[in-house]
Amino acid sequence: HAVGRRDGGVSTKHITNRVVCSAIPDPLCLRLELPSGTRGLCCQIRGFSAGDKPLWFHEIYVPADADPLELRDMRPFR
């Protein structure tokens, strides 16, 4: 968000969150030393500017046996 604001004065107007259970991609499994095909949660977090123009996107994979994940309140910056 700070990059968008600094580089063009664009601020985040709203954020969407989507959480699904899916297979973790093999390149990530390899990097995390997980077996291929490991399933877990995929958290997709997107920020948008006015007019629903996409500003940023985060995709987080959490294996099923991971420690608890805490997501902070994500209110758009003003």
Side-chain angles (χ1 to χ4, degrees):
H1 172 74
V3 172
R5 182 172 280 208
R6 183 175 55 240
D7 289 345
V10 179
S11 62
T12 303
K13 296 298 181 188
H14 73 276
I15 297 169
T16 63
N17 301 288
R18 181 174 184 251
V19 179
V20 297
C21 181
S22 67
I24 297 174
D26 281 339
L28 291 177
C29 285
L30 181 64
R31 180 115 173 146
L32 297 172
E33 299 178 3
L34 298 169
S36 178
T38 295
R39 296 188 64 78
L41 292 179
C42 175
C43 307
Q44 298 171 337
I45 306 163
R46 297 176 174 110
F48 297 88
S49 68
D52 269 351
K53 294 181 182 176
L55 286 177
W56 48 266
F57 174 74
H58 298 284
E59 191 166 65
I60 303 164
Y61 287 91
V62 183
D65 64 348
D67 291 335
L69 174 68
E70 183 175 331
L71 299 175
R72 296 182 317 169
D73 184 14
M74 299 184 313
R75 295 182 185 161
F77 299 103
R78 302 278 178 211

Original post:
Looking at CZ of R18 and CD1 of I45, how far apart are the two atoms once the value is rounded to the nearest 0.5 Å?
Top reply: 13.0 Å

**OP:** Report the distance from atom CD of E59 to atom CZ of R46, rounding to the nearest 0.5 Å.
**Re:** 8.0 Å

**OP:** First locate atom SG of C21, then atom CG of L41, and finally report the distance between them rounded to the nearest 0.5 Å.
**Re:** 6.0 Å

Original post:
Going hydrophobic residue to hydrophobic residue with side-chain gaps under 4.5 angstrom, can you get from L28 over to L34?
Top reply: yes

**OP:** Mind checking the SG-CD1 spacing from C29 to I24? Nearest 0.5 Å is all I need.
**Re:** 5.5 Å

Subject >> Over all atoms of both residues, closest heavy-atom pair of L55 and S11 >> reply: CD1-O, 3.7 Å

**OP:** With rounding to the nearest 0.5 Å, note down the distance linking OH in Y61 to CD in Q44.
**Re:** 6.5 Å

